[in-house]
Amino acid sequence: MTKADIVSALEEIAVLLELRGENPFKIRAYQTGARALETMEEDLDALLEADELGKVPGIGSALIEKIATLRTGGELPFLESLRDSVEPGLIEILEIPGLGAKRVRKMHEALGVDSIEALQAACESGAVAGIKGFGAKTAEKILSGIEQRAAYAKRHLWWQADAVARPILEGLRSLPQVKRAEIAGSLRRLKETVGDLDFVVAASEVEPVMEWFVSQAAVESVTAQGVTKSSVRFAGGLQADLRVVPEEQFAFALHHFTGSKEHNVALRQRALARGYSLSEWGLTQKDDAEAGPTGHGIENEAGLFEFLGLAEIPPELREGVGELEAAEGGALPDLLEPEMVKGVFHNHTDASDGRDTLEAMAAAAKELGFDYLGLADHSKASFQANGLDDVRVLKQLEKVRAYNASGSGGAHLFAGIECDILKDGSLDLEDATLAALDYVVVSVHSAFGIGEAEMTARVIRAIEHPSTTILGHPTGRLLLRREAYAIDLAKVIDAAIANGVIIEINANPQRLDLDWRMWRRAAERGLHCAINPDAHSTKGLEYYRAGVNIARKGWLPAAQILNCRDLAGVKRWLKERR
DNA sequence: GCCGTTTTCGGCCCGACTGTTTTCAGTCG
C-alpha cells in the first residue's frame, strides 16, 4: 500500500469507530495519526526500517503496528472486522451536512435507515421527525442536504476561491461600521484547496454588517444567522462564514478562525501550560476563571504569539507541523515574496498547445515585471498537444535566439522544452537536440497506471539523463480531479539532489505539484526548486503567484529557488549545469 | 490511542448555532 492508501485506511478506521460510538479520543487518535502520516516528510520505509516511526508525534505503538502491516501489503483484521460491523451505507449518510455519527446511529437504530434512499424515504414519510430529539426542521434540512450533497461536499481551488473572496472582503471593508476585516480559514493559510470562505470583522455595530453579508446578490441561501456568526451559501455550493466581534477580540478571533485546527490545539496547549485558557474571545487566567477571557491588551496576532513566547507565525505556516517549535527557537524561515521572482520557466506557446505567440508571451512576462521567460513547449510524444519533434524544436530555438537579438523590449527568452518521459524512462527527443537547448523540463504525460516501482524507476532514469534540468509536475495530480500516480517521492527527491536536477512547483492552480508538504524536508536535504506557472496563455503567467504561495507554505528559502536569481545568475547557473 | 519540567494513569481545545427542548445534545469549525 502507498502512504496515501494507508492514510485513507486510518481515516476509514476513525469514521467506522465514530459510527460505532467508540471513545472520541481514540477516534481523534486515528485522525491525528492519519494526519501525522500524511504531512510527515521523512521516508516511511526508512522510518519503519530504523524503527523510528514512533518519533513522529501522534503515532504510537498501536498505529506503528497497523501502518507496518498495511505497508507490507498485509490485511488488517481490526479494519476488516470494523467494516463488517458497520452498515456501509451509513458512511455515505455521514457526509450529509448537519448529520454526525450520533444522529446517523440513532436513525439506524430507530428506523433501520442504512442508505441515502432509505433516509430520504424516512424523511418524507415523517418517520425521522418522529424520533425523539428530531423534528420537522431536521427532516427538512436532511432532505435539502441529500439533494445538494454533491455540490456541498465539493472543495474549491484556492485560486478560484480567492477570486470570489476578494470582492467580498472589499465590500466588508467599505461598510462604515467595519473597523477591521480579514479573510481567515484555509484561504488565508494558502491551502491548495478551500472548503469554505471565512471572514472575520471588527465592527462598531453587528447588525448592518450581518445584513449586508446575507443579502449579497450571489447568496442563494442563508444557513445560519446569529449574534456573532452568519453563514451563507452561493450558487455552486461554496459556503461563506462571517464572524463579527468587538475590536479588542479581533486578534483572537482572526487567529482562531485562521486555524489550522491542529495549530490551534497546539497553541492552546501551550497557553494552558502557561496558566491560560485560550479561545477566540481571549485569554482566561486559569486560577481566575470567574474573570472570563480578556484581551490582555493584545491588538494583533503578533501580540498574541509574543504573549506566548513565540515569534509571529505567518498564517501559511500554521499547519501543526512544528511551527511552534520553530517560532520558539527563532527558526522560522524567511518567506519568499512575489517581487523576488525574476522570471519563470516551463511555459507554452502556440507552437504546441499554448494560445499565444512567443512574442506575446515575452511581452506579457515583461509586463509582469519578469526579466526572463523560459519557453518549454511539449515534445512530439504529446501528440494531442501538438508536441514538437526535433526539427521543430531546433527551429524554435533559432526563433528564440533571433528574438533575444532583436531588442524587442520583451523579457529575455530561454529556449527549453517540456520533454515527455517515455514509458521506459527514456526521453522523447534526440540527445543532440536536448543538449542544444538552454534547459530541459522532463515530465510524465502518459502511462500513469504502471505501478509505483516502475514509475519511480522511470522518472529516476529521466532525472539521470545528462540534459535534464528540471522535473515537471512530479506526481501528475490534478486537484479535485485526478489523483497523483503511484510514485516513491522520497527516492525521486534523492535522485534529483544527487543529479543536481531541480524539481518544479508547478504553479497551475489545479496542480501545485510538488506539494507543499514535501518541500521543507526536501529543501533541508538540498533540493532546489523552480516555480513554474505552466502557462498556456499570457494570462496563465499570473499563476506564478500560486506557486509563490506553495513555496511559502513549504518553508522554501529563496537561495534554493532558481527564479530568485537575476538574468545573469540564471545564465551562469545553466552554463555551469550543462 | 497518544502522551508526560506537575502525570506511565488520567487527562485529551473551546465555543457558537440550531433545533429540540424547558436546560441541552449534536454538529461544526
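Remember, predicted model here, so these are calculated numbers, not experimental data.
Looking at A:His108 and A:Leu90, their side chains come closer than 4.5 Å, going by heavy atoms from C-beta outward.
Contact check of residues 314-332 of chain A against DNA chain B (heavy atom, cut-off under 4.0 Å) returns no residues at all. Contacts with DNA chain B (heavy atom under 4.0 Å) in residues 15-37 of chain A: A:Asn23, A:Phe25, A:Lys26, A:Arg28, A:Ala29, A:Tyr30, listed by number. Using a 4.0 Å cutoff on non-hydrogen atoms, the parts of residues 131-147 of chain A near DNA chain B are A:Gly133, A:Phe134, A:Gly135, A:Ala136, A:Lys137, A:Thr138, A:Lys141, ordered by number.
Nucleotides B:dC14 and B:dT8, compared at atom C1', are 28 Å apart to the nearest Å. Remark: the separation of the C1' atoms in B:dC3 and B:dC13 is 16 Å, to the nearest Å. Rounded to a whole angstrom, the distance from the C1' atom of B:dT27 to that of B:dT20 is 13 Å. As rounded to the nearest Å, B:dG1 and B:dT5 have C1' atoms that lie 24 Å from one another. Distance noted for atom P between B:dG26 and B:dT21: 13 Å (whole Å). Separating the C1' atom of B:dT23 from that of B:dT18 is a span of 15 Å, rounded to the nearest Å. For the P atoms, the distance linking B:dC12 with B:dC17 amounts to 25 Å, nearest Å.
For residues 45-61 of chain A, the pairs satisfying salt bridge (charged side-chain N to carboxylate O under 4.0 Å, His left out) are A:Asp45-A:Arg71, A:Glu52-A:Lys55, with sequence neighbours left out.
Heavy-atom contacts from other residues, nucleotides or ligands closer than 6.0 Å to CD of A:Glu452 number more than 12. Remark: A:Glu75 CD is loosely packed, at most 12 non-hydrogen atoms of other residues, nucleotides or ligands lying under 6.0 Å away.
Whole-Å rounding puts the A:Phe252 CZ to B:dG15 C1' distance at 15 Å. In this structure, A:Met107 places its CE atom 15 Å from C1' of B:dT20, rounding to the nearest Å. Distance, A:Gln249 CD to B:dG15 P: 12 Å, rounded to whole Å. Between A:Leu10 atom CG and B:dC2 atom C1' there is a gap of 14 Å when expressed in whole angstrom units. Look at CZ on A:Arg270: it is 13 Å from P on B:dT5, rounded to the nearest Å. Separating the CG atom of A:Leu272 from the P atom of B:dC3 is a distance of 18 Å, rounded to the nearest angstrom.
A sub-4.0 Å separation between OP1 or OP2 of B:dC17 and a side-chain N or O of A:Thr228 is present.
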| said: Please determine whether salt bridge (charged side-chain N to carboxylate O under 4.0 Å, His left out) holds for the pair A:Glu87 and A:Arg105, giving the CA-CA distance in whole Å, both sets of side-chain angles, and the decisive distance to 0.1 Å. | reply: CA-CA 10 Å; A:Glu87 286 287 343; A:Arg105 282 181 66 211; over 6 Å; no

| task | Give the C-alpha distance, both sets of side-chain angles, the deciding distance and a yes or no for salt bridge (charged side-chain N to carboxylate O under 4.0 Å, His left out) between A:Glu262 and A:Arg35. | result | CA-CA 9 Å; A:Glu262 291 76 9; A:Arg35 169 114 194 134; 3.4 Å; yes

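In this structure, A:Lys106 is not positioned above the aromatic face of A:Phe134 in the sense of NZ or CZ being under 6.0 Å from the six-membered ring centre and within 45° of the axis.
With sequence neighbours excluded, the residues that form a salt bridge (charged side-chain N to carboxylate O under 4.0 Å, His left out) with A:Asp198 are A:Arg243.
Residue A:Ser277 is in sugar-phosphate contact alone, with no base atom involved, counting any heavy-atom pair closer than 4.0 Å across all strands shown.
Across all strands shown, B:dG4 forms a Watson-Crick or G-U wobble pair, both distances under 3.5 Å, with B:dC9.
Between A:Glu301 and A:Arg188 there is a salt bridge, with a side-chain nitrogen of the basic residue lying less than 4.0 Å from a carboxylate oxygen of the acidic one. The residues A:Arg525 and A:Glu42 are annotated as not salt-bridged, no charged nitrogen and carboxylate oxygen being separated by less than 4.0 angstrom.
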| Nucleic acid footprint by protein, nucleotides 24-29 of chain B - heavy-atom cut-off 4.0 Å, B for base, S for sugar-phosphate alone | --SSSB

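In this model, no donor atom of one side chain and acceptor atom of the other lie less than 3.5 Å apart for A:Arg268 and A:Ser277. If you check the side chains of A:Thr2 and A:Asp5, you find a donor sitting under 3.5 Å from an acceptor.
When distances run from any side-chain atom of A:Ala62 to the nucleotides B:dC2, B:dC13, B:dC14, the shortest one goes to B:dC2.
Looking only at distances, a side-chain donor or acceptor of A:Arg477 sits under 3.5 Å from a matching main-chain atom of A:Leu512.
Taking the six-membered ring where the residue is Trp, the centroids of A:Phe257 and A:Phe199 are separated by 6.0 Å or more.
Positionally, the nearest nucleotide of DNA chain B for A:Lys66 lies more toward the 5' end than for the other of A:Asn264 and A:Lys66.
Using a 90° window around 0 for the glycosidic torsion, B:dT7 falls inside it and is classed as syn.
With rounding to the nearest 0.5 angstrom, the CD1 atom of A:Ile59 is 7.5 Å from the CD1 atom of A:Ile64.
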